[in-house]
Amino acid sequence: MHHSQINSEIRKLIAEGTVLPAHPLALTAERQLDKQHQRALTRYYIDAGSGGLAVGVHTTQFAIRDVGLYRPVLELAAETAASWTKRPLAMVAGLAGPTKQATAEARTARDIGYHAGLLSLAAMKSASEDEIIAHCTAVAAEIPLVGFYLQPAVGGVILSSRFWQRFASIDNVIAIKIAPFNRYRTLDVLRGVAAAGALDHVALYTGNDDHILLDLMLPFDLRDRGVTTRTYFRGGLLGHWSVWTASAIQQFERCKAARHKDSVPADLLALDARVTDCNSAFFDVANNFHGCIAGCHEVLRRQGLMQGLWCLDPNEGLSPGQKDEIDRVTREHADLSDDAFVAANVDKWLA
């Protein structure tokens, strides 16, 4: 599937930038798929105003592949979305593993009706950049690709600006999620895409949970041989946006409106620090992100969108002190939550 085959409205949506929450996995106490709450989550993100969904990604738990849930989870999200709304939604499937596995997952996602694949390179840690580019090219032959610069703390591979130049030159690449949680490496990606002459057709999406709003509103000036090219992040694909999503979309719209202006309101700039403070609790920064998935589950559990914190891996859960931190940010930043929106709709989503 080539990107030219994507519905034009959806292709425009991805290119211009939108909100793509990373879809969590709702489980029962027996660690089986909880279809009722899984459907409710999908409906929540749609009604909150998301431009699409990212399913089968890190927030969905990579272990779904080990227990035969990859296809069922992707199918459930696609079927729920199609039956819940008629507006265009960009459906992005997580792709992982070595080349044989990743291309098979790309074909599965394509056949279900997903528009693009977010390609994790965690399985390529010992590979050279030439081998990784060959891997990406093979997967791009199956489905349009969203690149993924994942932070090393949760399995990401450190990659050079030259790598991103080569990656952005692959014909079927349509976007890159930039999530190294590192300003220097973020600039490496931007410089690489600019050097490939691909800024006009490869959309930049933030996954930098430590600077979500700044990424979304600020211009980035890239210099090459005395020539300045100004670019912007277009949207975000974030695990952080799996919670308090209705409020996140409002923040995204404010950031988008602030672009290309001579000045940005100080209150909007300051809001970035408050969002980052919330993320520090949800993503368990104090414990090197060990509880990042369970932290998001805890927020959703409190809202009634999940029954519990259960992960496929019994060793994954909240870290010591993380619940207290979630209590703190929920109290101190209550105005950033969407508790009222969820409370008004959760019964409908669970029906």
Side-chain angles (χ1 to χ4, degrees), residues 1-6 11 14-15 20 22 52 54-58 60 62 65 70 74 90-112 114-152 154-180 182 185-208 233-235 237:
M1 175 182 173
H2 190 260
H3 65 78
S4 59
Q5 297 171 265
I6 301 175
R11 184 70 185 92
I14 296 169
L20 296 172
V55 188
V57 295
H58 177 252
T60 323
F62 288 136
R65 294 154 174 85
Y70 182 75
L74 262 63
M91 299 297 290
V92 179
L95 310 176
T99 305
K100 184 177 179 181
Q101 176 184 333
T103 52
E105 290 184 1
R107 287 191 289 271
T108 296
R110 182 191 65 204
D111 293 346
I112 294 170
Y114 282 72
H115 306 107
L118 178 71
L119 184 59
S120 169
L121 300 176
M124 307 297 290
K125 280 186 175 179
S126 60
S128 67
E129 288 196 353
D130 286 345
E131 290 169 330
I132 299 175
I133 287 294
H135 169 77
C136 296
T137 302
V139 181
E142 303 293 342
I143 196 169
L145 277 194
V146 178
F148 188 9
Y149 201 173
L150 176 65
Q151 59 157 325
V154 290
V157 181
I158 297 174
L159 297 160
S160 69
S161 179
R162 172 62 180 159
F163 169 85
W164 291 108
Q165 178 181 354
R166 296 173 68 189
F167 180 83
S169 299
I170 297 171
D171 174 56
N172 215 19
V173 168
I174 59 171
I176 299 174
K177 171 181 173 173
I178 304 172
N182 182 299
R185 292 171 189 158
T186 294
L187 288 172
D188 282 343
V189 185
L190 270 61
R191 288 174 46 241
V193 177
L199 288 170
D200 62 335
H201 61 271
V202 173
L204 304 176
Y205 275 66
T206 184
N208 284 322
F233 279 85
R234 299 297 173 184
L237 195 166

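Distance check, rounded to the nearest 0.5 Å: CG of Leu118 to CD1 of Ile176 gives 11.0 Å. Here the NE2-CG distance, from His135 to Asp130, works out to 14.5 Å after rounding to the nearest 0.5 Å. Separation of atoms CD (Glu131) and CD1 (Ile133) is listed at 11.5 Å; rounding is to 0.5 Å. Atoms CD1 and NZ, from Ile132 and Lys125 in turn, are 11.5 Å apart once rounded to the nearest 0.5 Å. The CG atom of Asn172 sits 6.5 Å away from the CG atom of Leu145 when rounded to the nearest 0.5 Å. Rounding to the nearest 0.5 Å places CD1 of Ile143 at 9.0 Å from CG of Asp111.
Not one N or O on the side chain of Asp171 forms a donor-acceptor pair closer than 3.5 Å with the backbone of His3. Between the side chain of His115 and the backbone N or O of Ala90, no donor-acceptor pair lies under 3.5 Å. Distance alone, capped at 3.5 Å, is enough to place a donor-acceptor pair between the Tyr114 side chain and the Leu74 backbone. In this structure, Lys177 contributes its side chain and Phe148 its backbone to no donor-acceptor pair below 3.5 Å. The main-chain N or O of Gly94 is found under 3.5 Å from a side-chain atom of Tyr70 such that the two form a donor-acceptor pair. Checked by atom type and distance alone, the side chain of Tyr149 pairs as donor or acceptor with a backbone atom of Leu159 at under 3.5 Å.
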Side chain to side chain contact (heavy atoms under 4.5 Å, CB included) between His201 and Ile174, worked out: CA-CA 6 Å; His201 61 271; Ile174 59 171; over 6 Å; no

Check step by step if salt bridge (charged side-chain N to carboxylate O under 4.0 Å, His left out) holds for Arg162 and Asp188. CA-CA 8 Å; Arg162 172 62 180 159; Asp188 282 343; over 6 Å; no

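Heavy-atom minimum distance, Ala15 versus Ala203: O-CB, 3.9 Å. Residues Ala168 and Val202 come closest through the heavy atom pair O-CG2, 4.1 Å. The shortest heavy-atom contact between Ala22 and Val57 is CB-CG2, 3.7 Å.
At a threshold of 4.0 Å, the pair Glu105-Arg65 counts as salt-bridged, since one of the basic side-chain nitrogens sits closer than that to a carboxylate oxygen.
Every salt bridge (charged side-chain N to carboxylate O under 4.0 Å, His left out) that Arg107 has, sequence neighbours left out, goes to Glu142.
Side-chain contact check for Cys136 versus Leu119: some heavy-atom pair is nearer than 4.5 Å. A 4.5 Å side-chain heavy-atom check between Val193 and Gln165 finds every atom pair outside the cut-off. You'll find the side chain of Thr206 stays beyond 4.5 Å of the side chain of Arg234, heavy atoms only. The side-chain heavy atoms of Glu129 and Ser160, taken from C-beta on, include a pair separated by under 4.5 Å. Contact annotation: the side chain of Phe233 approaches that of Ile178 to within less than 4.5 Å [non-hydrogen atoms, C-beta and beyond].
Looking at Asn208 and Thr186, their side chains do bring a donor and an acceptor atom within 3.5 Å of each other.
Sorted by first then second residue, the salt bridge (Lys or Arg N to Asp or Glu O under 4.0 Å) pairs that include residues 94-103, not counting sequence neighbours, number zero.
Between Pro144 and the options Ile14, Ile6, Val173, Val92, a side-chain contact (heavy atoms from CB on, under 4.5 Å) holds for only Ile6.
Using cut-offs of 30° and 60° for the angle between ring planes, the Phe163 and Phe167 rings count as parallel.
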